[in-house]
Number of protein chains: 2
Amino acid sequence: MDEEKILTPAHEDYVKAIYMLYSRGVEVTNSALANQLKVAPASATNMVKKLSDLGLVTYEPYQSIALTPAGELVALEVLRHHRLLELYLHDKLNLPWEMVHEEAERLEHVLSEALEDAIAAALGNPTVDPHGDPIPTKDGKVESVAGLALSLAELKHPYTIVRVLLQDAERLIYLGAMQLYPNATVTVLKRAPFDGPLLIEVDGEHHALAHDLAECIIVK
Amino acid sequence: MDEEKILTPAHEDYVKAIYMLYSRGVEVTNSALANQLKVAPASATNMVKKLSDLGLVTYEPYQSIALTPAGELVALEVLRHHRLLELYLHDKLNLPWEMVHEEAERLEHVLSEALEDAIAAALGNPTVDPHGDPIPTKDGKVESVAGLALSLAELKHPYTIVRVLLQDAERLIYLGAMQLYPNATVTVLKRAPFDGPLLIEVDGEHHALAHDLAECIIVK
DNA sequence: ACCGCGGAATAGGCATGGCTAAATCTTAAC
DNA sequence: GTTAAGATTTAGCCATGCCTATTCCGCGGT
């Protein structure tokens with residue numbers, strides 16, 4: 001049951017996207033996938049059928065999609081590549097955190113086992129990437145990051161940021177400008193009603209933070 | 001005259017191969033290219049026509065192929081990526097020299113400008129890779145490496161290896177086992193007639209070295 | 001139970017980048 | 001000068017992955 005390694009970057013991207021949607025609690029439909037990957041719905045249907053033939057997903061027409069154990073392993077391997085690369089690019093090559101995602105997006109598909117190991121070793125076998133996302137182990141285990149969204153945090157209580165659930169460069173730059181990085185300490189001073197912005201304090205500075213951004217910041 | 005950046009990895013591979021053949025003094029024909037890239041001759045003809053349309057090569061049916069200035073720039077950029085990566089993987093990630101070529105072969109196509117710069121900076125803007133091959137500068141200049149083939153070296157005279165003109169892992173492992181790396185000191189003790197093997201001394205050890213391998217080792 | 005609407009699947013195209021087989025050109029031998 | 005061998009090009013095919021247009025399903029409203 002193991003032929004493997006005939007997977008193209010496209011296969012990997014789909015499997016990864018399925019995993020991401022699923023782990024985010026979204027129902028994995030072909031159109032959700034298409035939307036995530038910025039392709040036409042028909043393209044997703046097509047590829048999902050191929051993944052099904054490869055035994056990486058279970059799929060019946062008009063039903064939602066799920067990864068098989070084999071598919072999950074593939075997803076976790078790609079994710080491991082991605083997050084190791086993000087951390088490496090950030091820590092060893094000093095790329096700013098808003099750049100590492102898109103770089104890793106391309107590099108993850110051409111990373112050999114040997115290079116993966118070398119990178120992991122150079123980083124001291126780390127467990128989280130620069131956004132606080134956990135790095136799966138080689139045998140496909142991910143530790144879940146405990147914490148709550150900043151939007152739900154107790155007022156006037158200092159929290160430590162453990163994770164930032166964003167990839168797009170613009171918003172990461174914006175958060176970075178306020179020093180809202182993992183390990184930073186942040187306090188919510190006031191919360192506007194009706195899901196309005198939060199007044200927060202980071203690094204001695206006060207900022208207003210939109211509610212939807214606060215939902216993406218996980219603290220402890 | 002500059003639209004660029006619609007180049008696929010395949011385009012880059014062809015342009016690089018044309019540059020390599022040309023710089024090695026081989027006449028660049030479609031079949032030489034096909035042979036170099038391990039594709040069928042017809043495939044090479046096809047792609048060369050596309051490169052010609054892109055203005056990267058000059059080509060008339062049944063004639064040999066040459067890079068245009070634009071094509072040469074592309075080739076040198078790819079080569080810069082390749083050799084920077086080789087050096088980086090070798091020096092910073094401790095991959096053995098026989099592995100770096102094939103790793104770089106895949107990575108070179110997905111290296112952004114920013115990452116290229118970061119790598120070059122991390123290495124201190126080096127000029128040669130682990131095989132002694134010169135690294136083109138960003139503006140497309142290559143310094144030629146002076147030296148002569150070990151097969152032509154004077155007897156009983158110590159030389160320093162400056163370059164090893166091989167990529168395949170097996171032979172690099174073989175040379176590595178004898179410590180025949182760039183910067184190593186080597187002395188030819190005896191040369192067998194009829195292009196026979198050379199008796200050499202490296203690192204206090206005596207070895208017999210086939211003539212064709214000696215031709216690939218450039219010393220000074 | 002029926003209808004219709006929207007989401008989902010199929011059909012059919014297109015570009016890339018390979019391939020093989022057939023036709024064609026070059027060249028060198030007779 | 002002809003011709004045959006070998007290299008080169010053309011023709012036509014296939015797989016990948018994307019697309020648009022069309023058809024089909026299934027569910028909510030009546």
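For clarity, every value in this text was computed on a predicted model and none was experimentally measured. Protein chains get the first letters and strands the later ones, always in sequence-line order, with residue 1 at the start of each.
Counting any heavy atom pair closer than 4.0 Å across all strands shown, Ser43(B) reaches a base atom. Among the protein residues, Pro61(B) comes within range of the sugar-phosphate backbone only, with heavy atoms under 4.0 Å from sugar or phosphate atoms but none that close to a base.
Rounded to an integer number of Å, the gap from Tyr59(B) OH to dT8(D) C1' is 7 Å. Remark: P of dT16(C) and CG of Asp53(B) are 11 Å apart, rounded to the nearest angstrom. The distance from atom CG of Leu51(A) to atom C1' of dT16(D) is 13 Å, rounded to the nearest whole Å. As a whole-Å value, the separation of Lys50(B) NZ from dT10(D) C1' is 14 Å.
Proximity of residues 15-26 of chain B to DNA chain C (heavy atom under 4.0 angstrom from any strand atom) is not detected for any residue.
When the nearest nucleotides of DNA chain D are assigned to Tyr14(A) and Gln63(A) by heavy-atom distance, the more 5′-ward of the two goes with Tyr14(A). Nearest-nucleotide positions on DNA chain D for Lys38(A) and Thr45(B) put Thr45(B) closer to the 5' end.
Between the side chains of Glu86(B) and His82(B), at least one donor N or O lies within less than 3.5 Å of an accepting N or O. If you check the side chains of His109(A) and Glu12(A), you find a donor sitting under 3.5 Å from an acceptor.
Of the candidate nucleotides dA21(C), dC18(D), dG17(C), dA21(C) has the atom lying nearest to any side-chain atom of Ala42(B). Proximity note for Tyr62(A) (side chain, C-beta onward) versus dC24(D), dG17(C), dC18(D): the nearest is dC24(D).
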